[in-house]
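Atoms within a ligand are numbered from 1 in the order they appear, just like the ligands themselves. The shown structure was predicted, so the numbers you read here are calculated from the model rather than taken from an experiment.
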Amino acid sequence: MRDIFPSVVAVAVAGPDDWLGELLPVEQACLGERAVETRRRDFAAGRSCARRAMTDLGLPAAAVPAAADRSPVWPAGVVGTITHTTGYCAAATALTTDVRSVGMDAEQHQEINPGVRRIVLLPEEEALCAGLPGGTSWPVVMFSAKETVYKVWYPVVGTWLGFRDAQLDIDPDAGTFTARIAPARLDQATVEDPPATIAGRFVVADGLVRTSAVLLLR
Ligand SMILES: CC(C)(COP(=O)(O)OP(=O)(O)OC[C@H]1O[C@@H](n2cnc3c(N)ncnc32)[C@H](O)[C@@H]1OP(=O)(O)O)[C@@H](O)C(=O)NCCC(=O)NCCS
């Protein structure tokens, strides 16, 4: 993930020990006692990576509980993001003095189910995919980019953003995307200056699609 973030963002990718990492009591309380083992491992890896990404910024390895809506609750002065998919987990953090919001997502690089595809892609995005170079599952890149966009949007605006509320453009050579947020969602936002466009990066390698986006403050 380091390769698709600017240097003000600290990134930690899970190694074997992270999946077995200890949770702090407040995090364990969010996870609950009845979580299945795979969920416990994913949650633990995310928290372990989050702590490493915070210490890389020179900050204490603080707890990252989950809010009732499942979004991570970062310590004051920190923004961050977590993703996991089979065999892969990463977290990224930054200081609120540098970054307004950060998001990332990882998915397996495979075809997506036609039903999911119909939900995720706008007709304009289907047309875009048809013209992009072969060898890449562009609908999965778009799916991942949209999940990243949501992870950037939600901590700032605090409202729902559906898959069809953002229209993506992709530059396959630069490995970048731009999401234009639907005007109706911007009008509904109660925060000052909701992001009308969210720009990000993507990479397809090692069987994974990874996407990132950062709202830089300077
Ligand atoms: C929240 C969501 C984006 C997570 O993506 P995912 O592919 O299911 O799962 P990932 O492993 O990549 O990410 C999960 C992590 O996202 C984080 N997360 C959950 N809700 C979040 C939110 N509202 N805002 C920011 N981060 C959130 C959590 O850290 C979670 O991991 P954890 O539970 O272990 O802490 C997804 O479940 C979702 O609700 N999508 C629908 C909304 C959407 O994507 N709209 C597109 C707008 S263009």
Side-chain angles (χ1 to χ4, degrees), residues 1 12-14 18-19 21 23-24 26-32 35-36 38-51 53 63-74 78-93 100-110 112 116-117 119-122 124-125 139-170 177-182 184-186 188-189 194-200 202 208-215:
M1 279 288 184
V13 177
D18 290 304
W19 305 89
L23 291 171
L24 296 173
V26 66
E27 297 168 340
Q28 181 62 54
C30 298
L31 182 63
V36 297
T38 48
R39 173 62 181 140
R40 208 207 83 82
R41 284 169 59 88
D42 282 351
F43 193 79
R47 266 50 195 181
S48 185
C49 289
R51 275 190 262 292
V64 184
D69 59 15
R70 287 188 47 225
S71 61
V73 181
W74 298 94
V78 179
V79 288
T81 183
I82 295 171
T83 187
H84 17 67
T85 182
T86 310
Y88 184 89
C89 175
T93 59
R100 186 178 182 202
S101 190
V102 56
M104 75 172 156
D105 183 71
E107 301 290 334
Q108 307 295 316
H109 183 219
Q110 58 195 12
I112 61 173
V116 175
R117 183 168 171 159
I119 292 169
V120 172
L121 269 63
L122 294 165
E124 296 87 340
E125 293 167 335
V140 174
V141 174
M142 289 195 171
F143 177 75
S144 179
K146 288 190 176 195
E147 296 225 304
T148 280
V149 165
Y150 185 67
K151 291 177 185 180
V152 168
W153 168 270
Y154 186 83
V156 170
V157 186
T159 54
W160 174 251
L161 193 67
F163 285 104
R164 300 171 83 86
D165 291 326
Q167 185 177 337
L168 290 176
D169 200 4
I170 285 191
F177 66 84
T178 307
R180 267 188 297 121
I181 308 299
R185 291 297 182 195
L186 295 171
Q188 286 162 2
T197 60
I198 296 176
F202 70 90
L208 294 176
V209 173
R210 292 176 288 124
T211 55
S212 69
V214 182
L215 297 180

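- The single protein non-hydrogen atom nearest to atom 19 (C) of ligand 1 is R70 O, 3.4 Å, given as residue, atom name and distance.
- Between the choices P65, G46, P72, the shortest heavy-atom distance to atom 17 (C) of ligand 1 belongs to P72.
- Protein heavy atom at the shortest distance from atom 34 (O) of ligand 1 is H84 NE2, 2.7 Å.
- The backbone N or O of L23 sits nowhere less than 3.5 Å from a side-chain atom of Q28 that would complete a donor-acceptor pair.
- Formation of a donor-acceptor pair under 3.5 Å by the R47 side chain with backbone atoms of A63 is not found in this model.
- Closest to atom 3 (C) of ligand 1 by heavy atom, among Y150, Y154, W160, is Y150.
- Put simply, the side chain of T148 never gets that close to the backbone of A213: no donor and acceptor are under 3.5 Å apart.
- From L168, atom CG reaches atom OG1 of T178 across 8.5 Å, with rounding to the nearest 0.5 Å.
- Of all the listed residues (G158, A90, S71), S71 holds the heavy atom that lies closest to atom 22 (C) of ligand 1.
- Checking side-chain atoms of Q108 against main-chain N and O of T85 turns up no donor-acceptor pair under 3.5 Å.
- Checking M104, R185, K151 against atom 25 (C) of ligand 1, the nearest heavy atom belongs to K151.
- Near F43, meaning under 4.0 Å from any of its heavy atoms, are these atoms of ligand 1: 34 (O).
- Those atoms of ligand 1 with a heavy atom of A166 less than 4.0 angstrom away are 48 (S).
- Close approach to I82 involves these atoms of ligand 1, each under 4.0 Å from a residue heavy atom: 13 (O), 15 (C), 16 (O), 29 (O).
- A donor-acceptor contact shorter than 3.5 Å is absent between the side chain of W19 and the backbone of T38.
- Those atoms of ligand 1 with a heavy atom of R39 less than 4.0 angstrom away are 32 (P), 33 (O), 34 (O).
- The option with the heavy atom closest to atom 38 (C) of ligand 1, from among E27, R164, E147, is E147.
- Ligand 1 does not have D165 within reach: every non-hydrogen atom of the residue lies 4.0 Å or more from it.
- Residue contacts with ligand 1 include G162, since one of its heavy atoms falls under 4.0 Å from the ligand.
- For S101 (side chain) and V152 (main-chain N/O), a donor-acceptor pair under 3.5 Å exists by modelled atom type.
- Those atoms of ligand 1 with a heavy atom of T83 less than 4.0 angstrom away are 10 (P), 11 (O), 12 (O).
- Of all protein heavy atoms, the one closest to atom 46 (C) of ligand 1 is K146 O, 3.4 Å.
- Ring pair F163/F143: centre-to-centre distance below 6.0 Å.
- Taking only nitrogen or oxygen atoms, main chain and side chain alike, L161 reaches within less than 3.5 Å of ligand 1.
- Using a 4.0 Å cut-off between a side-chain N of Lys or Arg and a carboxylate O of Asp or Glu, R180 and E124 do not qualify as a salt bridge.
- Residues R164 and E125 are not in side-chain contact: their nearest non-hydrogen atoms beyond the backbone lie 4.5 Å or more apart.
- The backbone N or O of D105 lies less than 3.5 Å from no partner atom in the side chain of K151, so there is not a single donor-acceptor pair.
- Interface of R47 with ligand 1, defined as ligand atoms under 4.0 Å from a residue heavy atom, comprises 32 (P), 34 (O), 35 (O).
- For ligand 1, the atoms closer than 4.0 angstrom to any heavy atom of E107 are 7 (O).
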